[in-house]
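One structure is given below, encoded as C-alpha cells.
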Amino acid sequence: MKVKKASLTVEASLVLPVFLFAMLLIAYLGQMIKCQNEMQWALTRIAREASAEYGATKSEVFKSHAYYLAKLNLYLKGMGISVSLLESELLKENDEINLSASYHIKLPFRLLNTKHLSLSQRVHTRAFTGVESRESTGGQEEVTVYITETGRVYHRKLDCTYLKLSISQILYGDVSGMRNESGGRYKPCERCCKGKTFTGQSVIWITNFGDRYHSSRSCSGIKRSILTIKFSEVGNRTPCSKCGEEGRK
C-alpha cells in the first residue's frame, strides 16, 4: 500500500504542473483575443469618427498621425499597449483613411527566443461620399432634396446621417462581433459574396448603416452617389424617416 500511495504522489507531481501550465495558457489566449477585439473596436470607432468629422470640416488635423494615436491611446487606456500607426495612409488617395496599427503583446514565457508577440490590425474607410448636383433649368425656384442612385427615399438635409456612408475594412473572423449603427448584424452580400467561402483572415468590407458584408471594395452594393434634385422630381420616393418629415415642420 505504501508503494501504491507513493506512485500516486509521483504521478500527481508530474501531472499538476502540466495542468496548471495548460490553464495559464488558455487564460492568456483569452486575454490576447480580448486585446485584439478591443484594438479592432477602437480602430473602427476612430476611423468612423474621423470620416464624419473630416467630411464636415475638411480640417488638416485629420491628416496627422498624432490625432489618431491620441484617440487610440484614449480608447485603449489602461491596457498598457504601445501602438505604432506609422504604416497608416491618411487621406492620400480618394480621401480614404487606412489605419494600420502595429503593437506587441508580452508573452508569459519565452517562445522561439522571443518574449513578445508582434500583431498588426487594419481598418479602411472613406472620408466622404461626394455630391453630384443637377442644375436648375430656370422658372420658379423649388425646394431641393437629396437622393441616392438606388435609394427609395428622399432627404431634406445633406448632412442626414443616413447619407453618410462609411466603409470599413475588417477580417471575416471579426464580422460576427460587429454591429451596424442600428445594432444589426452583417449578412453576406448577394452580389459579391454569392458562392464564396471565407477564412478567418479573409478581408471583407462593411458600411456603417448597411446590413451586408462585401468581398470586394468595388461592389456596387457599397457604391453611393448623392444627387441633388427638385422636390417635384422625387416621384414615388418616400421621405426619409430621420430628416424627411423634419423639413415639413
Side-chain angles (χ1 to χ4, degrees), residues 28-108 114-131 158-183 186 200-201 203-210 213 217 222 224:
Y28 177 77
L29 289 175
Q31 287 297 318
M32 185 174 68
I33 293 173
K34 179 182 178 182
C35 176
Q36 289 179 294
N37 288 338
E38 290 289 335
M39 179 66 71
Q40 193 68 35
W41 169 85
L43 288 173
T44 302
R45 179 174 177 180
I46 293 169
R48 287 180 174 177
E49 291 175 352
S51 173
E53 293 174 16
Y54 179 77
T57 66
K58 301 297 182 183
S59 173
E60 292 295 313
V61 71
F62 299 103
K63 298 181 180 181
S64 169
H65 287 77
Y67 166 81
Y68 299 90
L69 188 59
K71 298 200 76 171
L72 189 61
N73 289 332
L74 177 64
Y75 291 148
L76 298 178
K77 186 176 181 180
M79 295 188 64
I81 300 176
S82 179
V83 185
S84 172
L85 297 176
L86 294 180
E87 296 182 6
S88 301
E89 295 183 357
L90 308 174
L91 302 169
K92 290 184 178 180
E93 182 178 355
N94 297 324
D95 285 329
E96 294 181 347
I97 300 172
N98 191 356
L99 291 180
S100 178
S102 300
Y103 58 101
H104 302 282
I105 296 180
K106 187 176 181 180
L107 296 173
T114 181
K115 290 204 68 175
H116 294 85
L117 181 65
S118 298
L119 298 173
S120 178
Q121 291 176 244
R122 303 170 67 93
V123 166
H124 177 272
T125 188
R126 192 181 178 196
F128 70 99
T129 59
V131 177
L158 182 58
D159 61 352
C160 177
T161 54
Y162 288 164
L163 286 174
K164 293 181 179 179
L165 182 66
S166 176
I167 305 171
S168 301
Q169 181 188 65
I170 65 170
L171 296 179
Y172 176 75
D174 298 324
V175 71
S176 61
M178 305 295 290
R179 299 292 185 273
N180 60 24
E181 294 292 345
S182 301
Y186 291 96
Q201 297 301 310
V203 174
I204 59 174
W205 285 265
I206 60 174
T207 59
N208 51 345
F209 284 102
Y213 61 81
R217 172 66 174 78
I222 53 177
R224 175 178 292 183

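Only heavy atoms go into these numbers, but all of them, side chains included; no hydrogens, no water, no symmetry mates.
Side-chain atoms of R217 and E96, non-hydrogen and from C-beta on, do get closer than 4.5 Å to each other. Within the 4.5 Å cutoff, side-chain heavy atoms of V83 are placed close to those of M39. Contact annotation: the side chain of R45 approaches that of Y75 to within less than 4.5 Å [non-hydrogen atoms, C-beta and beyond]. R122 places none of its side-chain heavy atoms less than 4.5 Å from the side chain of L99. The side-chain heavy atoms of F62 and Y67, taken from C-beta on, include a pair separated by under 4.5 Å. Taking the side chain as every heavy atom from C-beta outward, M178 and T44 approach each other to under 4.5 Å. The shortest side-chain heavy-atom distance between L43 and Y68 does not fall under the 4.5 Å cut-off. Between Q169 and V123 the shortest side-chain heavy-atom distance does not fall below 4.5 Å.
For E87, the CD atom counts as loosely surrounded, since its 6.0 Å shell holds 12 or fewer non-hydrogen atoms of other residues, nucleotides or ligands.
L86 and H65 make their closest contact through O-NE2, 4.0 Å (heavy atoms, listed as atom of the first residue, atom of the second, distance). Shown here for A50 and I97, the closest heavy-atom pair between the two residues is CB-CD1, 3.8 Å. In plain terms, the two heavy atoms of Y172 and I204 that are nearest each other are CA-CD1, 3.8 Å.
Taking NZ from K71 and CG from L76, the interatomic distance works out to 12.5 Å, rounded to the nearest 0.5 Å. Summarising the geometry, atom OG belonging to S168 is positioned 9.5 Å from atom NE2 belonging to H124; distances are rounded to the nearest 0.5 Å. Distance check, rounded to the nearest 0.5 Å: CG of D174 to OG of S176 gives 7.5 Å.
Side-chain N or O atoms of T125 include one that pairs as donor or acceptor with a backbone N or O of I167 at under 3.5 Å. S51 contributes no side-chain N or O that, together with a main-chain N or O of A47, makes up a donor-acceptor pair within less than 3.5 Å. The backbone N or O of L69 sits less than 3.5 Å from a side-chain atom of N73, completing a donor-acceptor pair. For the pair S88 (side chain) and L85 (backbone), a donor-acceptor distance under 3.5 Å is present.
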Evaluate side-chain contact (heavy atoms from CB on, under 4.5 Å) for S100 paired with S120, printing each intermediate quantity in order. CA-CA 7 Å; S100 178; S120 178; 4.0 Å; yes
The test is side-chain contact (heavy atoms from CB on, under 4.5 Å); show your working for S82 and H104 and say whether it passes. CA-CA 7 Å; S82 179; H104 302 282; over 6 Å; no
For L90 and N98: C-alpha separation, side-chain torsions, deciding distance, then whether side-chain contact (heavy atoms from CB on, under 4.5 Å) applies. CA-CA 6 Å; L90 308 174; N98 191 356; over 6 Å; no
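For the residue pair Q121/Y103, the side-chain donor-acceptor check at 3.5 Å is satisfied.
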